[in-house]
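Both counts, for ligands and for their atoms, begin at 1 and track the order of listing.
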Amino acid sequence: MSNTTVTNDIITQLEQITAPWGCDEIFVLTDTHTKEICLPKLHKLDKIKNSHHITIPAGDANKGIKSLKTIWQYLSENGATRKSVLINVGGGMITDIGGFAAATFKRGIEHINISTTLLGAVDAATGGKTGINFLGLKNEIGAFAPAKAVLIDINFFRTLDSKNIRSGFAEMIKHALISSKKDWNETLQFNLEEIDFVELERLLIRNIEIKEAIVEADPRETGVRKSLNLGHTFAHAMESWSYTSGSPVLHGYAVAWGLVCEAYLSFIKLGFPKDELLKLKYFVRENYGTYDCGCNDHDKLLKLMKHDKKNESKEINFTLLSDVGEIAINQTAKKEEIIECFDFLAS
Ligand code: GLY
């Protein structure tokens with residue numbers, strides 16, 4: 001059963017979720033942005049206004065052990081018990097680290113995710129994956145720990161800039177590719193230049209359905225959930241590299257480029273249709289630009305891909321497609337094929 005609610009009235013929803021439930025103390029986790037922009041809207045509810053507030057620095061670069069310690073320490077020093085709840089208000093960075101802090105504090109307390117970004121709403125907030133980055137590797141440490149509830153108010157997205165809307169939309173492209181031709185064609189119709197929030201909400205609800213069905217079938221990612229990693233083997237390497245090279249890219253941009261690379265790999269290895277590949281490439285080129293990986297970076301990116309937690313034995317593990325909606329998990333590729341993908345992306 002879905003524990004995710006898309007609503008225009010987050011206060012009533014939050015009241016309804018917390019009212020019948022005997023949690024003793026409420027702790028609200030925000031980052032420096034959501035503390036300013038989103039938390040005041042939740043203060044209409046007295047129990048949120050009077051709750052404990054924890055704030056960590058914004059940005060994925062802060063999704064590490066230092067911020068995690070801040071959260072654990074605050075919980076510990078302010079009387080959190082196993083009956084306390086942590087409400088994570090933010091994007092994927094906050095729901096990931098907050099979920100992990102909750103999953104590990106006193107061996108686990110409940111958490112609620114209030115997703116304030118499209119990226120978080122469409123992906124990180126649902127499905128129970130929590131974690132932090134470690135030693136320069138994305139989500140290297142983590143746990144499966146589903147939120148008690150996920151609340152999404154699309155009004156929060158109205159404050160997002162176009163880059164952050166695009167970043168979230170990349171995960172919607174991924175869901176469409178693994179789902180069906182109908183979802184794929186509808187997604188490609190969406191105009192990212194002029195956002196229609198009503199249509200975005202409709203697509204978001206459909207995306208949550210797609211993701212929840214997959215997670216329900218395979219909550220711990222032993223099979224079909226690997227399809228949600230489409231594009232991410234390349235994406236995580238490009239994203240991790242962007243941090244170490246000093247010009248960070250938003251997750252969704254890396255995902256969009258990773259999808260093009262993995263669709264190309266799907267084309268050369270599994271016969272993914274060329275027209276769909278080109279539709280994807282042009283949509284991504286138009287809305288996300290391109291990632292030109294100079295030849296000098298290939299080895300660094302390959303090294304990062306070898307560290308990917310999805311790998312089994314020494315092979316780099318990919319989820320590929322033989323067609324839109326036709327998933328092939330546990331695929332591997334040779335070094336030359338991987339480099340060809342980067343060349344296709346840049347061409
Ligand atoms: N973000 C991919 C998953 O939830 O499995």
Salt bridge (charged side-chain N to carboxylate O under 4.0 Å, His left out) against Arg206, all qualifying residues, sequence neighbours excluded: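 Arg206 satisfies salt bridge (charged side-chain N to carboxylate O under 4.0 Å, His left out) with Asp183, Glu209 only.
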
Tyr291 and Trp257 aromatic ring geometry - parallel, tilted or perpendicular at 30°/60° bounds: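 Judged by the thresholds at 30° and 60°, the geometry between Trp257 and Tyr291 is tilted.
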
Ring geometry between Tyr288 and Tyr253 (parallel below 30°, tilted from 30 to 60°, perpendicular above 60°):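 Taking Tyr288 first and then Tyr253, their aromatic rings stand perpendicular (interplane angle over 60°).
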
Contact residues of ligand 1, where a non-hydrogen atom lies under 4.0 Å away: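 Around ligand 1, where the cutoff is 4.0 Å for heavy atoms, the contacting residues are Asp123, Lys129, Lys211, Glu221, Arg225, Leu228.
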
Salt bridge flag under 4.0 Å for residues Glu171 and Lys211: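 Judged by the 4.0 Å cut-off on N to carboxylate O distance, Glu171 and Lys211 do not form a salt bridge.
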
Carboxylate-amine/guanidinium contact Arg158 Asp153, below 4.0 Å: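 Salt bridge flag = no for Asp153 with Arg158.
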
Interatomic distance, Leu119 atom CG to Arg166 atom CZ [nearest 0.5 angstrom]: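 Rounded to the nearest 0.5 Å, the CG-CZ separation comes to 14.5 Å.
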
